[in-house]
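Data block below; observations after.
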Amino acid sequence: MSQPNINEKFLKMYSKLILYISVLGLLSANFSFSQSKTELPNILWIVAEDLSPYLGCYGDANAFTPNLDKLATEGTRYLNAFANTPVCAPARSTLITGMYASTTGTHNMRSTYNIPSYIKSYSQYLMDKGYYCANNAKEDYNSSMLKRTIWDESSNKAHYKNKKKGQPFFAIFNLGISHEHVIHNYDPKDLVHDPTKMNLPPYHPDGPEIRKDWAKSYDNITLMDKQVGEILKELKKSGQEDNTIVFFYGDHGGILPRSKRFLYDTGTRVPLLIKFPPKYKKLAPTKPNGTDDRLVSFIDFGPTVMSLAGIPTPEHMDGKPFLGKYSTKAPDHVNFFRGRMDERIDYMLGVCDERYRLIYNFYPDRPTGQHISYLWRAATARAWEQAYRNGECNEAQSYFWEKKPTVELYDMKNDPWEINNLADKPEYKIVQEELFGKLIDNAINTKNASFIPESELIEINRTGTIYEYAQSENYPIEQIVDVAIKSATGNEDNYALFQKGITHKNATVRYWSLMGLTRIATQEWDTQQAIKELLNDDCPDVAILAAKTLYQIGQTGIASETISKYLNDEHLGIKLIAINAIQQIGDGAFAHFKSQLDSIYKLNSLKDEGSNTIYIRDIISEGEKRTGTNKNQ
């Protein structure tokens, strides 16, 4: 029997060895892939609606929040976390995109304008990485982002338990029990917190209705805390606790008047607690039960969860990660914005560092406390307003109801309720100038679109996106910022600037130039003639502002024609601008247009355009109540 050739034997052994190594390599590769998946941390967000840091772990004596206090001892408590705007939809637009809503043009409440399809949500980047992303259940992104599929699951049944085995998850649970509506209608007999023991802020007058509302708000914070406890128990029971980084935060400031909707600390500062399990302790900024005074805000949250998952921040995002692989140096300030809130038009920008807050009011002729129907459902708003009208409020309590100063500056360390305006005081000149410079830089660098009057936003949105328009050469941001800033000062030195600006080809420049003129020179004949020419401006906001100005100086005939024209506009957003102008003129104008307003109120077509329908009917109803007239329905 012949022996096999030694070379053949070697080749067979070599082939088997290669096959073995290949199989082993594939197994190793599969194991490594699986392991890399499990090493990605799960991330759980628990979001409480309408919540300032009114928790025991933040030193609030009114609060009973044992579950969140325990979470704080197990993780890091952030001392300087902020929403960039003080109301839900624009705040959530900022969160989901990692961009200021004032950059994307989604800053006005309930506007839902388009944003470019190439601007992805942070959840889409996580899904691309292999995460299962579940949102339970509030979206409210104030934009066309609502039309996209940006979650594996988004409903009141969405849950990380629906993920594939071994798949990392990102999950949100939104808790609405602390939302503003809880103080609209409740039985005081059911209160658990004692109203008489509530510590009230100095800007609220002391009264039984106000104390009850504060007590009710804390009752619901306690109920919210219980829900947090249940979510954390469920996480532990699922076996995922040791693999999950837990965030808890509020979606903007609290529910009592002068918090939500307003750029004060009470409207923008939120609690933020983050717990890292032991296997991810190297990612934590502190040891358990630690505090971090780094400034963080909502534009940073999306980039941060992406960074924790090893995903770099896209260039278009305004935010910077404060944790994870791509964590950045702490900023020295946070920027804020506030646009139209429901039916009331107002505009302001803000900025703060760790101690001081500056607010710039672009409509100083309007009180902080403009009547907003939803806000006025709270007994506190009605009781506070009545106390002011009765002359029962001190200076700090009256401030809310009177015309705003152009600039507000507060020392949040020594004046945490922000009632002592330090603007223009010589000893704070440097602080004010530094913060003001940061405010302007941010507006210019982000191509802030919130200067654009809303009728222009509506028009731009018909054929494109506000973001792309504002980023283009068609939007002269530096000139717009300059004229808008100066328009609020009432400084006559800017007269020539405004006169030139009202003929500019850009509607936003014309609008703010006209706004400046209305504050300094409307009695001059040549100015009046120039304003009359703007009654036919192709931007409805400019034309309506011109008509409002002329009406207020007695030229009611020609002004009424223009206002009436826009009351008949087919777009409800334009109607709302005209109705706001009527209310700003005063009760006499409301009576003048009463018949037309009554007809608008009864239009069946109002049913077809969502929030604007509510806003129009709310503002007309409020005017009727104030003037004592009745609709002939």
Taking atom types as modelled and ignoring hydrogens, do the side chains of Asn67 and Asp225 form a donor-acceptor contact shorter than 3.5 angstrom? yes

Is Lys279 paired with Asp242 through a side-chain N to carboxylate O contact shorter than 4.0 Å? no

Where is the tightest heavy-atom contact between Met109 and Cys88, given as atom of each residue plus distance? CE-SG, 3.7 Å

Are the aromatic ring centres of His181 and Tyr374 under 6.0 angstrom apart? no

May I ask you to decide if Asp213's main-chain N or O and Tyr186's side chain share a donor-acceptor pair within less than 3.5 Å? yes

Selection residues 132-147 - residue pairs positive for salt bridge (Lys or Arg N to Asp or Glu O under 4.0 Å), sequence neighbours left out: Glu49-Lys138, Arg110-Asp140, Lys138-Asp140

Just by distance, do the side chain of Ser144 and the backbone of Ile115 share a donor-acceptor pair under 3.5 Å? yes

Taking all heavy atoms of Trp214 and all of Pro201, pick out the closest pair and write down the distance. CZ2-CD, 3.4 Å

Here the gap from Asn80 atom CG to Met412 atom CE, rounded to the nearest 0.5 Å, amounts to 7.0 Å

Report the distance from atom OG1 of Thr85 to atom CG of Leu95, rounding to the nearest 0.5 Å. 11.0 Å

OG-CG distance between Ser307 and Leu283, expressed to the nearest 0.5 angstrom: 8.5 Å

Yes or no on side chain to side chain donor-acceptor pair (under 3.5 Å) for His316 and Gln471, after CA distance, side-chain angles and deciding distance? CA-CA 11 Å; His316 69 264; Gln471 297 294 314; over 6 Å; no

Applying salt bridge (Lys or Arg N to Asp or Glu O under 4.0 Å), can you list everything that pairs with Glu468, at least two apart in sequence or on another chain? none

Would Asp292 and Thr286 count as a side chain to side chain donor-acceptor pair (under 3.5 Å) here? Give the steps. CA-CA 7 Å; Asp292 192 332; Thr286 70; over 6 Å; no

Salt-bridge contact Asp128-Lys120 (side-chain N to carboxylate O under 4.0 Å): yes

Checking salt bridge (charged side-chain N to carboxylate O under 4.0 Å, His left out) against Glu180, which of Lys216, Arg377, Arg261 comes through? Arg261

If you take all heavy atoms of Ser123 and Ile150, which pair is closest and at what distance? OG-O, 2.7 Å

ring-ring contact (aromatic ring centres under 6.0 Å, His included) partners of residues 333-357, not counting sequence neighbours, each pair once: Phe82-Phe336, Tyr347-Phe362, Tyr347-Phe451

Between Ile177 and Asn220 the two heavy atoms that sit nearest each other are O-ND2, 3.0 Å

Euclidean distance, Thr266 OG1 relative to Leu263 CG, rounded to 0.5 Å: 10.0 Å

Return yes if a side-chain donor-acceptor contact under 3.5 Å exists between Asn142 and Ser93, otherwise no. no

Check the side chains of Thr244 and Glu241 for a donor-acceptor pair under 3.5 angstrom, ignoring hydrogens and angles. no

Got a second to check how far Ser102's OG is from Asp318's CG, nearest 0.5 Å? 7.5 Å

Counting neighbours of NZ on Lys438 that are heavy atoms of other residues, nucleotides or ligands and sit closer than 6.0 Å, is the number greater than 12? yes

Have Arg357 and Thr268 got a donor and an acceptor in their side chains that come within less than 3.5 Å? yes

Distance-only polar pair, side chains of Tyr54 and Asp60, donor-acceptor under 3.5 Å: no

Nearest 0.5 Å, what's the OH-CD distance between Tyr469 and Glu459? 11.0 Å

Derivation and outcome, side chain to side chain contact (heavy atoms under 4.5 Å, CB included), residues Val47 and Arg92: CA-CA 11 Å; Val47 186; Arg92 288 172 181 266; 4.0 Å; yes

How about Lys447: does its NZ atom have over 12 heavy atoms from other parts shown lying under 6.0 Å from it? yes

Full working for side chain to side chain donor-acceptor pair (under 3.5 Å) between Asn42 and Tyr280: CA-CA 11 Å; Asn42 301 323; Tyr280 297 116; over 6 Å; no

So, Trp45 versus Tyr249, ring centres under 6.0 angstrom or not? yes

Using the rule given for ring-ring contact (aromatic ring centres under 6.0 Å, His included), can you reason through Tyr122 versus Phe301, listing the C-alpha separation, both sets of side-chain angles and the distance that settles it, and then say yes or no? CA-CA 9 Å; Tyr122 66 80; Phe301 280 34; 9.6 Å; no

If every non-hydrogen atom of Gly573 is compared with every non-hydrogen atom of His571, which pair is closest and at what distance? N-ND1, 2.8 Å

